[in-house]
Amino acid sequence: MCILESNLRPSTVLIQAIEITKRFGELCAVDQVSLTVNCGEIVGLVGADGAGKTTTLRLICGALKLDAGQIRIGGYDIQQQTEEARAQIGYLPQRFSLYEELTVMENIRFFAEARGVQREEWLPRCLDILKFVGLAAFTERLAGKLSGGMKQKLGLAAALVHSPKVLLLDEPTTGVDPVTRQDFWQLIIRLAAQEQTAILVSTPYMDEASRCHRIHFMREGKIFIEGTPANLKASLSGSILEVRGEPLPLLRQLALEEPGVLNAQRFGDRLHLRVIAGKSTEISAALQKRAKQAGGKITALHWVEAQLEDVFIALLEDERRGRSHSR
Amino acid sequence: MDEVIRVEGLTKRFGDFTAVDQVSFTVQRGEVIGYLGPNGSGKTTTIRMLLGLLLPSEGKAWVLGYDIWRQSEAIRRQCGYMSQKFSLYHDLTVEENLRFYGGVYGVGEEIQIQATLERVGLAAQRQTMVSALATGWKQRLALAIAIVHRPQLLFLDEPTSGVDPTARRAFWDLIYELVHEGVTALVTTHYMDEAEYCGKVGVMRDGKLLALDTPEQLKKQVLRGLAYDLFATPLIEALSFLEASPLPLRVGLSGDHLRVILPKEVEPSCLLAELQQAGYGEARIEPVEASLEDVFLALSGK
């Protein structure tokens, strides 16, 4: 049993990957990745296409063989105790296949039976799960006639039909609109909070990453940083300055020339400057003055909370600087 | 001419279905407009009409001063289009792809091909096979193809999906450079990560344009309240409690906490007091900056 309400006892680790590695020929797709997901926790695997997210998920669900390392699912070793480990896992791949010519109910029954759900159990379980994802009213509809968002929900239902303790989601909301994404995430958060499911979700999007309890940023097969969204953002606290005014290209140029400004990024009608912490007042004053001299105008200049995107870029830049220093 | 797009009551029906319903807006030169909306909300149909690929059922529109009813060829000559599902020839090099597409647009001069490669930062990869390029570089090549004929207006459909923030920023730096030179960009997207880069954002739903303004104005006008992060356990019970409370305009789950929109006149401490009375002793509430997603959900009636 796992206790989340109390912080006194350690939570149960349901996914544990220890220095897992997978090579495809010359390419090291996953390079000594370690991660854990506790029950009731949503952990994000965040990175670009080709960073190694999908390979990591496939290794964790046992679809690919490890070259090195170890994976434990609810205590079972995925290589030694594959059956027991897999029984704990629900997996929603990026391109899941539904039987378009079968109804919603027929699809879910198929997945239930394939997952070994007993005859007397499948109907109440399927009804439960369809109700949970909001498809209870559509049991007789052909899967091929569902909207994109509803297909996604049916995919989730199929992954949940055997009540897994571990849920792996590979870019579950790529290509769906913000409202559908919001609905989908309400379901995921409920699963974690109510069923204590351990959820590992991959995404290239920061707006999605910010909904996870913890994030692992992944790049070139490696995890290069992890933390909670709040901690990651706090690491840049007091170093993001928002500037509004015009002309923005000029203001950006001036900002980049200013010592203490590490980076200047335009977002639509504003700039975000990353500055050395503690230099705020100096930089603000200098920039106001130089903008005026150069014929520009700053209408607003204030601190903002860092976004995950700022954190990602800052970490990468620091790493690169570190690398070039050590050369 | 500073008005690049003028749309008046544009409507498109397919049988009984109204895909685009009385849409009106204008776009000025050098603007970057984001166009957000669910699949099937009419974004693509609108763009197809603006490019003169589809005739409207009703309404008027001018693109770069040309009438979409009568001058669609002139429009297309001066517009660039980068689709999310751009097709590149994987067994050709970067340069060969651009030459091929340049030819389609009637751009034969090698100097312009090379200048375009320079401009998107692909000069060093000109001999690389497209199949060997990472997603971010393919997106740059797709942009090169869209701008090789030096269009004044660019349509971009989820141009930076699937790349990390570094590649996304580099791509947007290119867009802003073009914009600085007077190009106008219209970006359709599902992602807030992309919408944040736009100077103005329009939200479409069921064929209607619900709002079009700067992110700042949208947050002020549409939201009718302020955003807060609320921490309380157990989370789901706290959500149910707040959903039953008349105070919030919206409550939703957001990771390990709740996102709450409260009317401006409601003090967050009132909500906190309610929660504490109901037994959520440790609850706390923090003001946060509203996101475009909050705006989007508000417009969608969520």
Exercise. Give, as side chain, backbone, both or neither, the part of B/R205 having an atom under 4.5 angstrom from any heavy atom of chain A.
Key: neither
Self-check item: Salt bridge B/R169-A/D310, side-chain N to carboxylate O under 4.0 Å
Solution: yes
Quiz item: When rounded to the nearest 0.5 angstrom, what is the spacing between CG in B/L212 and CD1 in B/I33?
Solution: 5.5 Å
Quiz item: Should the ring pair B/Y280 and B/F241 be called parallel, tilted or perpendicular, given that the plane angle runs from 0 to 90° and is split at 30 and 60?
Solution: tilted
Quiz item: Taking the six-membered ring for Trp, is the centroid-to-centroid distance between B/Y197 and B/Y191 below 6.0 Å?
Solution: no
Self-check item: Pairs of heavy atoms under 4.5 Å with chain A: top-ranked of B/T214, B/D164, B/T189, B/L292
Solution: B/D164
Quiz item: Do B/S291 and B/D294 have side-chain N/O donor and acceptor atoms under 3.5 Å apart?
Solution: yes
Exercise. Taking the side chain as every heavy atom from C-beta outward, state whether A/I215 and A/P229 have any pair of such atoms under 4.5 Å apart.
Key: yes
Self-check item: Heavy-atom contact with chain A under 4.5 Å, split by part of B/S161
Solution: both
Practice problem: Write out, in numerical order, the residues from residues 215-223 of chain B with a heavy atom short of 4.5 Å from a heavy atom in chain A. | Solution: B/P215, B/E216
Self-check item: Option in A/R244, A/Q194, A/E171 with maximal non-hydrogen atom pairs under 4.5 Å from chain B
Solution: A/R244
Quiz prompt | Side chain / backbone / both / neither for A/Y205 at chain B, heavy atoms under 4.5 Å | solution = both
Quiz prompt | Cation-pi check, A/R266 onto B/Y176 ring (under 6.0 Å, within 45° of axis) | solution = yes
Exercise. Please identify each residue that fulfils side chain to side chain donor-acceptor pair (under 3.5 Å) with A/W185, with sequence neighbours left out.
Key: A/E208
Quiz item: Does the side chain of A/T228 pick up a donor-acceptor pair with the side chain of A/N231 at under 3.5 Å?
Solution: yes
Quiz item: What residue, out of A/P178, A/P204, A/G149, A/G50, has the most heavy-atom pairs lying under 4.5 Å from chain B?
Solution: A/P178
Exercise. Name the member of B/E158, B/E194, B/R168, B/E289 that forms the most heavy-atom pairs with chain A at distances under 4.5 Å.
Key: B/R168
Quiz item: Taking atom types as modelled, is there a side-chain donor on A/E242 or A/H272 under 3.5 Å from an acceptor on the other?
Solution: yes
Self-check item: A/I42 versus chain B, the contacting section by heavy-atom distance below 4.5 Å
Solution: neither
Quiz item: For chain B, which of A/T173, A/L316, A/I313, A/D269 has the most heavy-atom pairs under 4.5 Å?
Solution: A/I313
Quiz item: Which residue out of A/R270, A/Q307, A/E305, A/E317 racks up the most heavy-atom pairs below 4.5 Å with chain B?
Solution: A/R270
Quiz item: Are B/D213 and B/V201 close enough that some pair of their side-chain heavy atoms sits under 4.5 Å apart?
Solution: no
Quiz prompt | Which atoms of B/E196 approach chain A - backbone, side chain, both or neither, heavy atom under 4.5 Å | solution = both
Quiz item: Looking only at side chains, do A/Q182 and A/R211 share a donor and an acceptor under 3.5 Å apart?
Solution: yes
Quiz item: Considering only heavy atoms, which portion of A/P249 lies under 4.5 Å from any heavy atom of chain B: side chain, backbone, both, or neither?
Solution: side chain
Self-check item: Engaged part of A/Q265 at the chain B interface, taking heavy atoms whose separation is under 4.5 Å
Solution: side chain
Quiz item: Between B/V32, B/T135, B/V288, B/T166, which shows the greatest number of heavy-atom pairs under 4.5 Å with chain A?
Solution: B/T166
Exercise. Would you tell me whether B/R259 and B/S254 have side-chain atoms, one donor and one acceptor, within less than 3.5 Å of each other?
Key: no
